[in-house]
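In what follows, chains are A, B, ... by sequence order, proteins preceding strands, each numbered from 1.
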2 protein chains.
Amino acid sequence: MGAKSHRAPTLNDVAAEAGVSKSLVSLAVRGDVGVRPETRTRILDVADRLGYHSNPWARSLVRGRSQMIGVLLDDLRSGYHTDVVHGIEDEAETNGMSVVMADARRDPALLRTRLERMIGLGLDGVVIVSGRADSAMIGDFARRVPLVVVGRPAELSPGIGQVSNDDRTGMRLAVHHLASLGHRRIVHLPGSPRPAAVARREAYLETMRELGLEDHASVVPGIEALLGTLAPSAADAPTAVCCATDRIAVELIGELSDAGVEVPGRLSIVGYDNIDFAARMRPTLTSVDQPRRAMGSLALRQLTDMLDGADARHEIATPTLAIRRSTAAPER
Amino acid sequence: MGAKSHRAPTLNDVAAEAGVSKSLVSLAVRGDVGVRPETRTRILDVADRLGYHSNPWARSLVRGRSQMIGVLLDDLRSGYHTDVVHGIEDEAETNGMSVVMADARRDPALLRTRLERMIGLGLDGVVIVSGRADSAMIGDFARRVPLVVVGRPAELSPGIGQVSNDDRTGMRLAVHHLASLGHRRIVHLPGSPRPAAVARREAYLETMRELGLEDHASVVPGIEALLGTLAPSAADAPTAVCCATDRIAVELIGELSDAGVEVPGRLSIVGYDNIDFAARMRPTLTSVDQPRRAMGSLALRQLTDMLDGADARHEIATPTLAIRRSTAAPER
DNA sequence: CTGAAAGCGCTTACAG
DNA sequence: CTGAAAGCGCTTACAG
């Protein structure tokens with residue numbers, strides 16, 4: 001008694017049963033106006049009774065469009081990525097398009113494989129939510145399918161759509177917040193060598209300069225090194241850290257907890273991305289918030305525009321700061 | 001200079017360019033043996049030069065199979081769901097099948113919509129990773145497409161494949177662990193009314209009985225209520241909590257931290273699901289671990305078996321316990 | 001309003 | 001080994 005044990009009904013079956021031509025059934029089920037209401041109702045009743053569903057392969061084949069777009073994301077687990085996806089999905093819903101996802105698991109080789117496979121599915125277009133995709137590879141794929149990349153500040157080849165957040169503004173918000181609390185020895189914990197991470201580091205240095213704090217500016221290579229600067233005797237130990245990502249901030253706070261360093265008592269911490277967990281951990285994490293869902297909608301809207309023949313563009317979204325308990329005025 | 005600005009090359013184009021028939025090209029690109037090696041190489045060269053890719057819609061239409069299976073998951077954000085998905089993806093890869101995902105966001109209505117849409121894509125089968133899908137609805141869909149459900153212990157209609165973890169064994173592991181540490185006043189914090197959550201609650205009560213601790217057994221309705229029982233004066237306050245899910249455990253630990261109750265000093269906590277965050281939070285969370293990736297592979301293998309005509313079955317995976325810092329011997 | 005016909009790009013017997 | 005033909009289930013002009 002397996003599913004599909006008997007052939008699924010086709011347009012032909014419905015036409016025969018209703019005593020009309022295939023074309024008429026086609027028009028009726030698609031809600032075309034040029035069909036007499038009574039006829040239409042009768043046809044739809046028959047279609048319903050037979051359990052008719054239009055065959056997507058045949059439909060796509062003849063129309064040259066599947067109304068299906070793919071989303072390739074770098075990390076299924078990250079709240080950032082999932083929020084962007086939700087923005088894409090909701091926007092797609094209002095456009096009558098279907099969204100299918102695949103996960104690249106932060107692995108560039110896998111990204112390529114998955115992208116190849118997705119394109120092989122006959123998608124109308126693809127949104128890549130990844131800051132780390134190789135730009136030459138993206139360029140190759142863009143020749144085969146319309147592409148929009150979310151989360152990559154650096155410019156890609158023309159013809160590729162882009163949506164990114166303004167990392168400079170975001171990092172500036174973080175540093176200004178700390179400075180306004182009274183911090184001066186604010187250090188930066190950088191992320192991976194992704195373009196976005198680089199932009200954040202640059203913005204950190206630039207903002208420290210603007211605030212006249214360049215003498216205190218320091219890019220600490222890693223958590224180990226940072227812990228090393230926190231010896232109780234060190235008078236010039238940093239009092240605040242702005243991290244390139246929430247991932248790093250979470251890891252740092254874990255290590256600090258293990259080492260007995262109080263947050264925000266001894267050290268204030270700011271993250272970047274406002275991941276889901278930022279509000280659930282303790283202390284809750286102050287973090288730069290990208291308008292993720294909005295970025296998703298922008299990406300999908302741009303993709304549909306491109307399908308309609310519009311040129312690709314680079315849209316930039318402005319971040320805000322979510323202030324929580326991991327930041328406070330320095331103790332002295 | 002949009003992508004696809006000129007028609008993608010077809011089998012016909014390759015045939016004309018190579019001076020052979022369409023059928024021969026079809027056989028050659030699919031690696032059929034009955035094509036002379038030289039001819040084959042020449043055809044593949046032409047195909048490559050023209051950038052030919054077989055049209056998936058036409059291929060699916062004529063074969064009646066798309067080699068594409070869908071995964072509908074309840075929560076993109078949960079490490080449990082993503083691990084199951086990874087198991088599915090990896091197994092699919094070895095079978096030459098493509099996997100596409102969609103997110104139901106813990107919303108039964110959305111689950112239905114997404115499922116409808118996925119099926120409309122022409123998938124060969126669907127894996128639903130959800131403990132909360134309505135069983136009548138699942139039954140309806142199973143009539144249209146082969147279906148495997150992961151994470152639902154209760155029996156569904158025949159013809160639907162199932163993969164679940166043994167919640168009774170899992171909860172028993174949790175309670176025995178606490179009892180062996182010396183806890184007696186072990187309470188249970190239940191989850192949503194999902195079948196899996198119900199099974200865990202039952203198993204808790206049963207295990208407490210087996211251990212002769214039935215007098216201390218207590219299902220606390222919620223975190224508020226639990227906090228109420230922790231007044232310092234209360235001599236019979238619980239010393240340990242086993243939670244129905246990690247989600248609840250994480251929330252509980254957050255509230256306890258805010259209330260100044262030490263974990264595991266005053267209260268030991270065990271979760272269920274071993275989410276990603278369990279090892280990253282502080283204290284790290286002792287949790288029942290389902291073999292999630294294995295469950296994913298089992299699901300996909302079962303689905304392909306069903307596509308080959310096999311009957312649906314219900315496979316049960318055995319959980320283990322990941323012991324971390326949120327559990328310790330009671331203080332007195 | 002309604003029907004007959006062509007064609008989307010492929011695979012699969014069927015002849016040679 | 002290789003080619004001509006039919007057909008998968010649909011949509012889209014094109015006649016009536």
[options]: which one has an atom nearest the side-chain heavy atoms of [X]?
X: A:Leu61; options: C:dC10, C:dC8, D:dT12; result: C:dC8
X: A:Val62; options: D:dC1, D:dG9, C:dG9; result: D:dG9
X: A:Lys22; options: C:dT12, C:dT2, D:dT11; result: D:dT11
X: A:Ala58; options: D:dG9, C:dT2, D:dT11; result: D:dG9
X: A:Val35; options: C:dT12, C:dG9, C:dT2; result: C:dT2
X: A:Val20; options: C:dC1, D:dC8, C:dG3; result: C:dG3

Handout entry: Partner of B:Ile69 by side-chain contact (heavy atoms from CB on, under 4.5 Å), out of B:Val126, B:Val127, B:Asn95
Key = B:Val127
Nucleotide [N], atom [atom2] - distance to [atom1] of [X] in whole Å:
X: A:Asp13; N: D:dC10; atom1: CG; atom2: C1'; value: 13 Å
X: A:Leu27; N: C:dG3; atom1: CG; atom2: C1'; value: 11 Å
X: A:Asn55; N: D:dG7; atom1: CG; atom2: P; value: 18 Å
X: B:Asn12; N: D:dG3; atom1: CG; atom2: C1'; value: 13 Å
X: A:Trp57; N: D:dC10; atom1: CH2; atom2: C1'; value: 13 Å
X: A:Leu11; N: C:dG3; atom1: CG; atom2: P; value: 13 Å

Below 4.0 angstrom from OP1 or OP2 of [N], is there any side-chain N or O of [X]?
X: A:Arg30; N: D:dT11; result: yes
X: A:Arg59; N: D:dG9; result: no
X: A:Ser21; N: C:dG3; result: yes

When we call it a touch if two heavy atoms are under 4.0 Å apart, what does [X] touch: a base, just sugar-phosphate, or nothing?
X: B:Ser23; value: base
X: B:Ser54; value: sugar-phosphate
X: A:Leu24; value: sugar-phosphate
X: A:Ser60; value: nothing

Problem - Salt-bridge present (A:Arg114, B:Glu93; N to O < 4.0 Å) - result: yes
Practice task
Please determine if A:Arg194 and A:Asp74 form a salt bridge, counting it only when a charged side-chain N lies under 4.0 Å from a carboxylate O.
Solution key: no
Handout entry: Paired nucleotide for C:dG3 [Watson-Crick or G-U wobble; both distances under 3.5 Å]
Key =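 Checking every strand shown, C:dG3 finds its partner in D:dC14, with both distances under 3.5 Å.
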Exercise for the section: Find which nucleotide of DNA chain C each of A:Thr39 and B:Arg63 is nearest to by heavy atoms, and output the residue with the more 5' nucleotide. Expected result: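 That would be A:Thr39.
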Exercise for the section: Could you walk me through whether B:Arg144 and B:Glu116 pass the salt bridge (charged side-chain N to carboxylate O under 4.0 Å, His left out) test, one step at a time? Expected result: CA-CA 10 Å; B:Arg144 292 172 54 193; B:Glu116 187 72 55; 2.9 Å; yes
Exercise for the section: Decide whether A:Arg301 and A:Ser297 meet the rule of one side-chain donor and one side-chain acceptor closer than 3.5 Å. Expected result: no
